[in-house]
Each structure stands twice: as structure tokens, then as C-alpha cells.
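As C-alpha cells, the structure follows; a few thoughts come after it.
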Amino acid sequence: MLQAFVITLREGLEAFLIVAISLAYLRKSERGELAKAVYWGIVVAVGVSALGGYVLFNAANQEWLEGPLALVAAVSVLTLTVHMWRAGRQIKGEIEGHLKASARQAGIAALTGVFLFTLLMIGREGVETALLLMQLHATPNLATGAAVGIAAAASVAWVWSRFGHRLNLGLFFQTTAIFLFVFVVQLLISGIHETSEQGYLPFSAAIHDATEAWGPDSAFGHVLTYLLVLLPLTWLLVKGMTSSFRTNKPRSTVPHHSSAR
């Protein structure tokens with residue numbers, strides 16, 4: 001449940017922020033007529049993501065897909081998480097930059113550009129969420145954790161839209177990135193194990209035997225589960241203490257020496 005909560009919290013927040021920033025920029029640039037392209041992009045992206053998730057969860061040969069999809073999800077999450085770690089604070093500028101290029105066009109070209117941008121950005125978050133949640137399909141209370149995560153993401157996005165200067169998005173993305181890095185390790189181990197079980201890899205038998213003892217019920221798996229919680233909390237504490245130290249650090253004063261006459 002915790003994993004589903006964090007996944008939908010992060011992915012949902014990215015999606016909500018994309019929408020909020022896009023609509024705010026269009027209003028600010030007096031191109032409010034393009035907002036309908038954003039709304040249509042959201043509708044189509046959600047529909048595509050829902051359809052993709054339904055197909056994945058109900059695939060006839062799901063056991064043949066689990067390994068490859070786990071590896072695809074791991075690579076996808078890793079690359080996007082590294083990007084958000086580096087550019088979390090510049091997300092607003094990046095989105096506005098892409099929209100500026102689309103909105104400066106005229107007529108149907110502007111509508112199409114904004115629609116495709118929204119479809120790509122929201123659809124990417126939706127498909128990534130479906131891939132990650134598929135790896136947790138056997139987790140108890142999966143739907144509850146995912147729903148609570150989406151609700152929390154909507155709340156955080158609302159707070160950001162109202163009090164953006166008080167919310168440290170960079171720290172949020174860094175903290176959830178650490179959680180996802182550990183989750184990626186789990187995905188890679190699971191993906192390699194399942195892929196070797198289906199005989200897709202060279203030396204599949206040896207790889208399968210070597211990773212058999214690294215499953216979620218092993219001692220190593222339990223350590224990863226604990227790290228999912230401990231590492232993000234440790235990062236928050238370190239950043240909080242560092243920030244507090246910088247805030248309370250006394251300013252150095254230069255002694256004033258009167259010149260002798």
C-alpha cells in the first residue's frame with residue numbers, strides 16, 4: 001500500500017502541476033482560448049492510460065510480460081527520476097518554454113501543439129503509473145493506496161497553486177526520487193529474475209538460480225523494504241538540519257579599526 005501511495009502521489013503531482021502550470025501560463029499570456037486544448041489533452045491522455053492499464057492488468061499471458069515490463073518500468077522511472085532530481089525546481093520554466101513554442105503559432109496549429117504537448121506529458125505520467133502499479137498487482141489494498149496517493153497529489157498541487165513560494169518542490173522531488181531509486185532496484189531484480197525464468201536471457205538458468213534468493217521475502221528483500229522508508233526520512237532530516245543550520249548561522253562581522261591620526 002505504501003509503494004502504491006508514493007507512486008501515485010509523485011506521478012499524480014507531476015500531472016497536476018503540468019495542468020496547473022499550463023493553464024496559468026495560457027491565462028498570463030492572454031491565450032486563454034487554448035485552454036480547451038489542454039482539457040482535451042487531459043481527457044485523451046487519461047483514456048489512453050486507463051486503456052493501457054486495463055490491457056496490462058488483463059493480459060492473457062501476463063507471466064510472459066512481467067519480466068520485460070518490470071525492466072521497462074525500471075529504466076523509465078530511473079531516467080525520469082534523475083531528470084526530476086536535477087530539474088525539479090525548473091519544472092515551471094520547462095513547461096512554460098514548451099508551451100510558448102506551441103502557443104505562439106496561430107489558429108489550429110496552436111491548438112494542436114498545446115493538445116499534443118498535454119497529451120504527451122500527462123500520458124507519459126499515466127502509462128508510467130500503470131507500469132509501476134502492475135508490478136504491485138499482488139499488494140494488499142493496492143487500490144486504496146493509489147486512491148489516497150492521487151488525492152494527496154491533488155491537495156499538494158492545490159497548495160502549490162495558492163502558496164507556491166512556501167512549498168519546496170525541489171525537496172519533494174528529491175525525497176520521492178530516493179524512494180523510487182530503491183523501488184527501481186526491486187524492479188530490476190524482479191525483472192531480471194522473471195525474464196530469466198522465461199528463458200529470455202543468455203545463461204537464464206544460472207541467472208535465475210542466482211537471483212532466487214533476492215526476492216521480496218528474502219533478507220535482502222526485507223532490507224530494501226525498510227530502506228524504502230528509512231532513506232527518504234533520513235534525507236528529509238539531513239536537509240532539514242542543514243537548512244536550519246544555515247538559517248541560524250550567525251553572520252560574520254568585520255571588526256572596525258579606527259585609523260590612527
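All values below were derived from every heavy atom in this structure, side-chain atoms included, with hydrogens, water molecules and symmetry-related copies excluded.
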In this structure, would [X] and [Y] fall into the same cluster of hydrophobic residues linked by side-chain contacts under 4.5 Å?
X	Y	answer
Val223	Trp235	yes
Ile21	Leu13	yes
Val19	Val44	no
Tyr39	Phe117	yes
Leu120	Leu26	no

If I compare all heavy atoms of [X] with all of [Y], which pair ends up nearest, and what's the gap?
X	Y	result
Phe16	Ile150	CE1-O, 3.8 Å
Ala74	Val184	O-CG2, 3.9 Å
Ser49	Gly126	OG-CA, 3.3 Å
Gly123	Ala45	N-CB, 3.5 Å
Leu23	Ala35	CD2-CB, 3.9 Å

- Chi angles and distances behind the side-chain contact (heavy atoms from CB on, under 4.5 Å) call for Leu231, Phe181: CA-CA 10 Å; Leu231 286 182; Phe181 281 140; over 6 Å; no

- Task: Show your working on side-chain contact (heavy atoms from CB on, under 4.5 Å) between Leu71 and Leu187 and close with a plain yes or no.
- Result: CA-CA 7 Å; Leu71 296 177; Leu187 284 181; over 6 Å; no

- Query: side-chain contact (heavy atoms from CB on, under 4.5 Å) between Leu111 and Lys36: does it pass, once the steps are laid out?
  - Reply: CA-CA 8 Å; Leu111 285 169; Lys36 58 186 177 183; 3.9 Å; yes

To the nearest 0.5 angstrom, please state how far the [atom1] atom of [X] sits from the [atom2] atom of [Y].
X	Y	atom1	atom2	value
Leu188	Thr195	CG	OG1	10.5 Å
Ser22	Leu34	OG	CG	11.0 Å
Ile178	Leu227	CD1	CG	11.0 Å
Trp40	Thr112	CH2	OG1	14.0 Å
Leu78	Leu180	CG	CG	10.0 Å

Close side-chain approach of [X] and [Y], heavy atoms under 4.5 Å:
X	Y	answer
Phe183	Val6	no
Ile18	Thr118	no
Ile189	Phe220	yes

- Query: Would you find a donor on one side and an acceptor on the other, under 3.5 Å apart, between the side chain of Thr8 and the backbone of Ala146?
  - Reply: yes

